Amino acid sequence: MGQITYAAALNRALAEAMREDPKVVVLGEDIGALGGIFTVTQGLLEEFGPARVFETPLSEACYVGCGTGLALCGWRPVVELMFTDFLMVAMDQVCNQAAKLRYMTGGQAKLPMTLRAPIGARNSAAAQHSQSPQAWFAHTPGLRVVMPATPADALGLLASAIECDDPVLVLEHKSHYGDKGPVPEGRHRVPLGKAEVKRSGKDVTIVGCSRMTLLALEAAEQLAAEGIEAEVVDLRSLNPLDREAIVGSVSRTRRAVVVDEGVLDFGITAEIAALVHGELFDELLAPVVRVGAVHAPIPFSPPLERAAVPQVADIVAAVRRCLGKKPADI
Amino acid sequence: MGQITYAAALNRALAEAMREDPKVVVLGEDIGALGGIFTVTQGLLEEFGPARVFETPLSEACYVGCGTGLALCGWRPVVELMFTDFLMVAMDQVCNQAAKLRYMTGGQAKLPMTLRAPIGARNSAAAQHSQSPQAWFAHTPGLRVVMPATPADALGLLASAIECDDPVLVLEHKSHYGDKGPVPEGRHRVPLGKAEVKRSGKDVTIVGCSRMTLLALEAAEQLAAEGIEAEVVDLRSLNPLDREAIVGSVSRTRRAVVVDEGVLDFGITAEIAALVHGELFDELLAPVVRVGAVHAPIPFSPPLERAAVPQVADIVAAVRRCLGKKPADI
Amino acid sequence: MEYLQIYGKMLLIRRFEQRVAELQRAGEVPGFTHLYWGQEAIATGVCHWLTEDDYVVSTHRGHGHCLAKGADAGRMLAEIMGREDGYCRGRGGSMHVADFSCGMLGANGIVGGSLPISTGAALACKLAGDGKITVAFFGDGAVEEGVFHESLNLASLWSLPLLFVCENNQWAISVPVGRRQAGGGAVALAAAHGISACAVDGNDAVAVVEAAGEMVMSARQGKPGLLNCQTIRWGGHHSAQPTRAYRTEEDCTRGEAACPIARLGKRLVADGEATEEQLQAVRAEADRAIDAAQRFAQSSPLPRAETVTDYVYYEGSAE
Amino acid sequence: MEYLQIYGKMLLIRRFEQRVAELQRAGEVPGFTHLYWGQEAIATGVCHWLTEDDYVVSTHRGHGHCLAKGADAGRMLAEIMGREDGYCRGRGGSMHVADFSCGMLGANGIVGGSLPISTGAALACKLAGDGKITVAFFGDGAVEEGVFHESLNLASLWSLPLLFVCENNQWAISVPVGRRQAGGGAVALAAAHGISACAVDGNDAVAVVEAAGEMVMSARQGKPGLLNCQTIRWGGHHSAQPTRAYRTEEDCTRGEAACPIARLGKRLVADGEATEEQLQAVRAEADRAIDAAQRFAQSSPLPRAETVTDYVYYEGSAE
Ligand SMILES: Cc1ncc(C[n+]2csc(CCOP(=O)(O)OP(=O)(O)O)c2C)c(N)n1
Ligand SMILES: Cc1ncc(C[n+]2csc(CCOP(=O)(O)OP(=O)(O)O)c2C)c(N)n1
Ligand SMILES: [Mg+2]
Ligand SMILES: [Mg+2]
């Protein structure tokens, strides 16, 4: 398996899909000559030309809607949002139109549109370029949501998203684009709705997705040195949510920590925690511990930005708490 | 105490605030001569004139932003959205601008803006006029969210919202506008962030807000006939969330059912359930039971619409399940 | 002959809307319906030039567009009555009625919401390269929404085969256009975006047909256009709304005086293109069609509650 | 004398941006900064006519607007460096810098995002009735966003004391305006909305001052206007972006040739309004001011992590 970056893996998924299926087209801002501000669409304009690669004006609502119209008429648009934050300008087109059209038309509409958008607090991009609002989209029936953590998952999930006949939102993490990882050479698909145990362990389950999966793996390493064996479940998809995988893992470890980069209150971790408590009421040895972003917009200044979103140390501390260890015990 | 409708109570809150404070102005579509499609702004144009009552063009993003600008410059705008669904067109202005400006400016901005918007599935208004997306807004730091269930709370919460120096979203329920209820004659305020026990009981706590509070009260009546005494906690505010009231009630009843009209998955009930399980891990006698809308947009046809959102019978069934009674037991 | 057909289509729409209003008063139509009566010349005149392969997108006031594009009155009425045999199996209702089989991509409950979607349908037409076009119908209120502007820009920039048809009935619910828009309105805005635009009397079917004919032809050649049709909203904003609360008596009755159907009928007879008897026959035919539609709709069952989560996704069910 | 002050302000902005770029290369400025260099004549020429009581709203490229409106370079630089003594206590950074004490209501990370807010500030000015106005600065890219259109309509409809200032530097990141907009651009669109608009050479400080003077006066009388300033983006979209990837060498260097500061300086000397020595003194003064600003910023501490949830709400803390 070659080592390529997350951005290159996404790029490969796009290029392969465009080669295989002439109906796949891409739309977005600065995705032509520049190749996207995170380089994910590099080379596509050269290879596929301007009848497949549509560089749009600065009007997110319109070009998301344009993707919807294309999809309704038999195309497979992949629409890049420069930052997930800008989806707010297109919220009606995403959540009120695309996500609902199939249902509202009683199954007439088929809407194979993929939306790609970067999340995450990184490099002091501040409050309007750093959000992780996945909870909003996971709360929107009709919209599939996936959040790859690694280059291989980025390739496999984006490829599956493009092949899916429903609208899929692929939330990419800004911190990952430059990260290298092993990626299978040939055809590679990660099915929507399948979590993956990225590390096995018997003492506690850490559930996360996107960047939090990577931090959870780091936390698990540190904990291993203390003799705590953490299992790391990477959700990969929020919709469909792999409830079986979550419950399956925690039914073995009987303890769970859930981590998310979004705001903690009313966020992703609440659903997972409620699920685990509900399903494993008698098995759980301790309350689920939730870790998420603070109750604030993402701040600019580096020490504040770091304090705003979960860090490895926060996950380690949460696991210890879940295992009933007071900070003083350690 | 006189009996007035929910709509009249909201109208009274607006008129009183405008009389007391010349800085209070209202903006929205059809709020002038027509008095708002749900009659909440009736008479305001006549009493306060066009320099206090601003009927806007059909451009939600712009007039929400206009409210923000007014608030930044010392006014107290109350902005009416005709349906909560249309907030999606203004999402950036609500969640990316208004909610964040105080933080992003390091406390310089003071943003006393009230947004009013009707939620709820009622009368076959279908997928784009029936949503209850409160979870999105409760997940947005910087934005206060309240959801009155009764005329008295509508008056008291809207009055408090207008006096609050932060942006407050008042989610009104479409089904309630015509409902009458007792309302105190004089000055009446309901503080933001205070839940209310609307019925006492010892066997189980039902937590809800807005219309679900009323259904919970009906359910409690039915259950009382079976000898089950349910306590009904009306959240009234989602932000601030009255965690103490929830935990306090469930710590006595040791069983909880949480109801919300929004989509169940990743919705409001998840946060409440996670909270209760986390805080009362050893006290709870049974897993929290969650009741919410199905995983679908709100359908048009009456039998489907009814099936989509929680009904009294669903709450009754949930309580029985929480008490460990199988449907066959009853 | 052509115009007799147009007369018949307009009449079908009128009778359809009248029946909807009746059925709604009788409690058989749930929710609110925004009736198209009085505006029939626009949908009919524009769709006259379209084939089944062309697309249209529509608004909350979409019954007329649907019928004019070729949808079946029975399945439409079934939808509006929330029945299982409706086009959207009762999930959509009046505000979301759609018939993909005839290129009608949907009414829309969000003012302006279908305009961005129309740019995508038009881009699909352009990519297909076979002369297909998309028509976006919208009201004067939609002109105020930002997506109108974004969609005009995209259509102009990409030379989309897209015809914007503004139905300027002067009202958005209770507010007249002059209290909502400054400046030159849809025509001026389109022109500023480099889109050729013209205004037409939307109560004159012949004028609409002629103006639309040219614009449809241009659109087929990749030249987007905008047609601003002056018209009149006959009733309240929706069927249950008392309109006299905010409209003068004169404004309320002006519509019937300008009735596009009566006007076309008179003209056909005066020009010797049709006899009074022929018109009578067309009217009788419309009545029969609506009666049949009603029978079809009323005989269709309501959807079963257990199916509430069907059709959310293409693949698999909710989860 | 007036123009010598304007020269000094432009130079202050230039030196500020140069220092930001240096500090960024040295790793002292987190994130990305969108530098205003080359566009100084616009902010300076427009703000020349404003008092402390007038409001401005700005964009991601907002340093110039801030300084021109009267913000302190030290507190700004502290903000951009993420320090506790920055205007926003390090919470905002370059893209959200604001100084309410001088009426600068904030840069904005969302293209077009501040335009709706400007209508509210302008309505506040109108309601105050004391001749105050609001100026909204935005780039040519913002013209494509729907809120631009909505805001123009509202300003026109309500006769808001609002001046729209488009800084047309021809680029939005890597895409030139011709590949993003069809039609007549900001001026034509404003005119279609009934707003008086004109274009001006944004690299010519004198031209900007003169054009802005008239428009500010009109705005004070409740007549909104739009000023479209042609200018040039000197560098990459942000300070770290290599610009030559998508721009011709010629386009990259054309800015320096048209430098508004050098141009004004030459003109002042040629017209006998200033001597070379006076300009020299102004330059030295700007350098001193920026050095002082840097010392101030560098001596300010970073915010403490424990304060991360401060300033979310006015009343009480996060919970
Ligand atoms: C984004 C949005 N804002 C407001 C509404 C509420 N609304 C429904 S129809 C309507 C009036 C629309 O006027 P116009 O576009 O002229 O169409 P008409 O009703 O006159 O046919 C309004 C305000 C809506 N549905 N969507
Ligand atoms: C709604 C939104 N879309 C996209 C972006 C990303 N973005 C930031 S600046 C920029 C270019 C803006 O161009 P222009 O308005 O001309 O300003 P300039 O950078 O040229 O000063 C873009 C696309 C954004 N910040 N907000
Ligand atoms: Mg209208
Ligand atoms: Mg630009």
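Bear in mind the structure is a predicted one, so any value in this text is a computation, not a measurement. So that the names make sense, note that chain A is the first sequence line, chain B the second, and so on, each numbered from 1.
Side-chain contact between Asn153(C) and Cys62(A): absent, with no pair of heavy atoms (C-beta onward) separated by less than 4.5 Å. Side-chain contact between Phe100(C) and Leu72(A) is present, with at least one heavy-atom pair separated by less than 4.5 Å. Counting heavy atoms from C-beta outward, Cys66(A) and Trp158(C) have side chains that approach closer than 4.5 Å. Considering only heavy atoms from C-beta on, Leu123(C) stays 4.5 Å or farther from Trp75(A) through its side chain. The closest side-chain heavy-atom distance from Cys73(A) to Tyr55(C) is below 4.5 Å.
No donor-acceptor pair under 3.5 Å is formed between the side chain of Arg91(C) and the backbone N or O of Tyr103(A).
Applying a 4.5 Å heavy-atom cutoff, the residues of residues 92-101 of chain A that approach chain C are Asp92(A), Gln93(A), Asn96(A), Gln97(A), Leu101(A). Residues of residues 70-82 of chain C placed with any heavy atom under 4.5 Å of a heavy atom in chain A are absent; none qualify.
Separating the CG atom in Leu154(C) from the CG atom in Leu27(A) is a distance of 8.5 Å, to the nearest 0.5 Å. Tyr314(C) contributes atom OH, which lies 4.5 Å from atom NZ of Lys110(A) (distance to the nearest 0.5 angstrom). In this structure, the separation between NZ on Lys126(C) and CG on Leu70(A) is 12.0 Å, given to the nearest 0.5 Å. Rounded to the nearest 0.5 angstrom, Met104(A) CE and Cys88(C) SG are separated by 9.0 Å.
The two residues Gly106(A) and Arg89(C) make their nearest non-hydrogen contact at O-NE, 2.9 Å.
The number of heavy atoms from other shown groups lying within 6.0 Å of CD (Glu244(A)) does not exceed 12.
Only the side chain of Asn108(C) comes within less than 4.5 Å of a heavy atom of chain A; its backbone N, CA, C and O stay farther away. Using a 4.5 Å cut-off between heavy atoms, Leu157(C) contacts chain A through its side chain alone, with no backbone atom that close.
Annotation: maximal heavy-atom pairing with chain C below 4.5 Å, among Cys164(A), Ala71(A), Pro77(A), occurs at Cys164(A). Looking only at heavy-atom pairs under 4.5 Å with chain A, the residue among Val57(C), Leu127(C), Val147(C) that has the most is Leu127(C).
In this structure, Arg144(A) is positioned above the aromatic face of Tyr313(C), its NZ or CZ under 6.0 Å from the six-membered ring centre and within 45° of the axis.
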